[in-house]
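Working notes, beginning with the structure itself.
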Amino acid sequence: MSAPLDAVDALADALDAGRGRLPDALVDRGDAVVAHARDRLALSGDVTVVALAGATGSGKSSLLNALVGTDVARPGTLRPTTSAPLAVVHGDADAHALLDWLDVADRHRVPAPAGAVPALPPGLVLLDLPDHDSVVAEHRAVAERLYARVDLLVWVLDPQKYADAAVHDRYLRPLAQHADVMVVALNQVDRLAAAERGTWLADARRLVDADGLHGVPVLTVSARTGEGVDGLRALLVAAAERRRAATQRLRADVRTVADAVLARTGEARVPRADVAAVERAFADAAGVPTVVAAVRASAARQVRARTGWPPLRLVGRLRADPLRRLHLRGPGTTGTAGPGAAGGRAAGGRAAGRRDAGPVTDDAVDRTSLPPPGPQAHARAALAARGHVDAATAGLPDAWVLAARGALRPDAWAPDLDRAVAATPLLAERAPWWAAATDAVQRVLVTAAVAGLLWLAVLAGAAYLRLPEPVTPVWGPLPAPTVLAVGGVLLGLLLAVVGRVAAGVHARGRAARARRRLHAAVGEVARRHVVEPVAAEVARWDRCRSRARAAR
């Protein structure tokens, strides 16, 4: 029975995937079918349970006696209606656990006759069920409970009530998926004239087909005369010998629920949604353009502080570092950067975690001083997220679309975006090597200019005091101190101009690198808050649908 068990497991998976999206009534019914199927497959797999169902006076008990070949049920004045189920067990089959599960207490064992062929094979259990139209509600409840649990149902109809709308609307039509495990026995045929029998059989066949039970055997029988009983018994014997009645009944139950699940999941082809729009909107909401501009200004400031003309550097140092104002990682900080870049701690010594250390938390990284996203930026992010949900769930049933929308948590976006920006290494702690080399040259030039100025001052003092003029070397057309003083200043200013241009190029490169890192960090937040929840919802829908198909 591995195949039906696989179908049961597939249905259980489909129900788990659809829980909270499928109607509660459908999930509850499916859970009951799964529990029933697993219990039934674990009990007496070599026993087939056949139940005789019908209305009051249809002759179920008499037909059961005729099938068994002995009086085990008590029809007539002593028992005009069946009030409790009666089980007839043939041979030595062990059906106690199964009958305990069915909650059938009244049991009768018919031993196999010695030296004779038994009327029914061992391993077949017949149930005489209470009347489905009993005036006692408890009797009807027992009958309906067993309708859902037995392996094969024989509906016993009589000439007076065979067309009763109650039996067709309430029982036969809802069991259309169970046609493989049903038989209709038209009992008391002996009460009709020969000309009426064909008409009755044809009309009953028409009604059964109208109920959707095409292919269900419809037989005329008479429990009193034995007419047709052998044909009905042959059907039951074949079912017991095949040992397929239980499997077919379970398959029908599982298939019915699986069809209902498939009807709720639809047949949509989910497109691949573009996440770039969400990432761009989240980048704007996170203030990435502001941060990139601050990185560019801070990188240029960092280089100019090493390449500018030393006497003028003090002016630049009086201006606050743009990254420090935003409490972001900037030059002059210490700490550990993410992979592939030197980073540092946030301003004021606040701890900063590694980019590769998992989700960022308040304990790892402080908040930035970026202004919170304005209403427009927040609205654009929300609209982009909603657009992604609509695109990713296009064609899905409403329950799944609403679940995907409900997975969005806009209130958590802004703090997580701020943490992602704060945790992103933006600028190297040290200026590039060529800035340090330029700084060394600038220091030499300043020293030369100062030396030249001091030399000229000494010469001027000697002339003022009318002291003998010392011998002054001449470098080219000018005296050496003049060359040192003027050359040191002019070359220093020229080198500062070149350094300023190089600082701009360097700053643009640093800003581009920071933009890529920030977009990656913001994209991770977008994936965690929007893309992944929606993808998980679509995956649940696909799993529900595919497992329901497997259950069929």
Side-chain angles (χ1 to χ4, degrees), residues 273 275-295 298 320-330 333 335-339 341 343-389 392 403-427 511 513-537:
V275 302
V278 181
E279 293 180 352
R280 287 194 298 268
F282 271 46
D284 290 341
V288 168
T290 301
V291 176
V292 170
V295 169
S298 185
D321 182 83
L323 288 181
R324 287 179 179 273
R325 286 202 305 265
L326 297 177
H327 287 176
L328 294 170
R329 299 182 184 188
T333 59
T336 306
R345 297 182 182 272
R350 282 179 290 268
R354 285 182 175 269
R355 289 186 62 206
D356 57 345
V360 180
T361 64
D362 283 330
D363 295 333
V365 175
D366 284 340
R367 300 294 183 88
T368 71
S369 293
L370 283 166
Q376 291 183 346
H378 188 80
R380 284 195 298 270
L383 286 174
R386 179 68 175 268
H388 176 79
V389 173
R405 291 176 182 172
L408 302 181
R409 296 291 183 267
D411 293 341
W413 297 347
D416 278 6
L417 287 172
D418 196 63
R419 294 188 189 99
V421 171
T424 303
L426 300 174
L427 196 60
R513 197 170 305 146
R515 182 185 295 108
R516 289 193 296 270
R517 291 177 179 173
L518 287 169
H519 275 279
V522 168
E524 177 62 29
V525 176
R527 284 188 292 274
R528 188 166 67 250
H529 282 284
V530 178
V531 179
E532 291 176 0
V534 174
E537 202 61 44

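Along the sequence shown, residues carry numbers from 1. These figures come from a predicted structure and were not determined experimentally.
In terms of heavy-atom proximity, A526 sits nearest to V278 at CB-CG1, 4.0 Å. Of all non-hydrogen atoms in A385 and V530, the two that sit nearest each other are CB-CG2, 3.9 Å. The minimum heavy-atom distance linking V522 with A283 is given by the pair CG1-N, 3.5 Å. Heavy atoms only, all atoms of each residue included: H529 and L408 are closest at O-CD2, 3.7 Å. When every heavy atom of A281 is checked against every heavy atom of A384, the shortest pair comes out as CB-CB, 3.6 Å. Scanning both residues, A514 and V295, for their nearest heavy atoms gives CB-CG1, 3.8 Å.
Every side chain to side chain donor-acceptor pair (under 3.5 Å) that R527 has, sequence neighbours left out, goes to E279, E524. Listed by chain and residue number, nothing satisfies the side chain to side chain donor-acceptor pair (under 3.5 Å) test with H519 (two or more places apart in sequence, or in another chain). Applying the side chain to side chain contact (heavy atoms under 4.5 Å, CB included) rule to A277 yields the partners R280; only residues at least two apart in sequence or on another chain are considered. Here R516 pairs with A512, R513 under the side chain to side chain contact (heavy atoms under 4.5 Å, CB included) rule; sequence neighbours left out.
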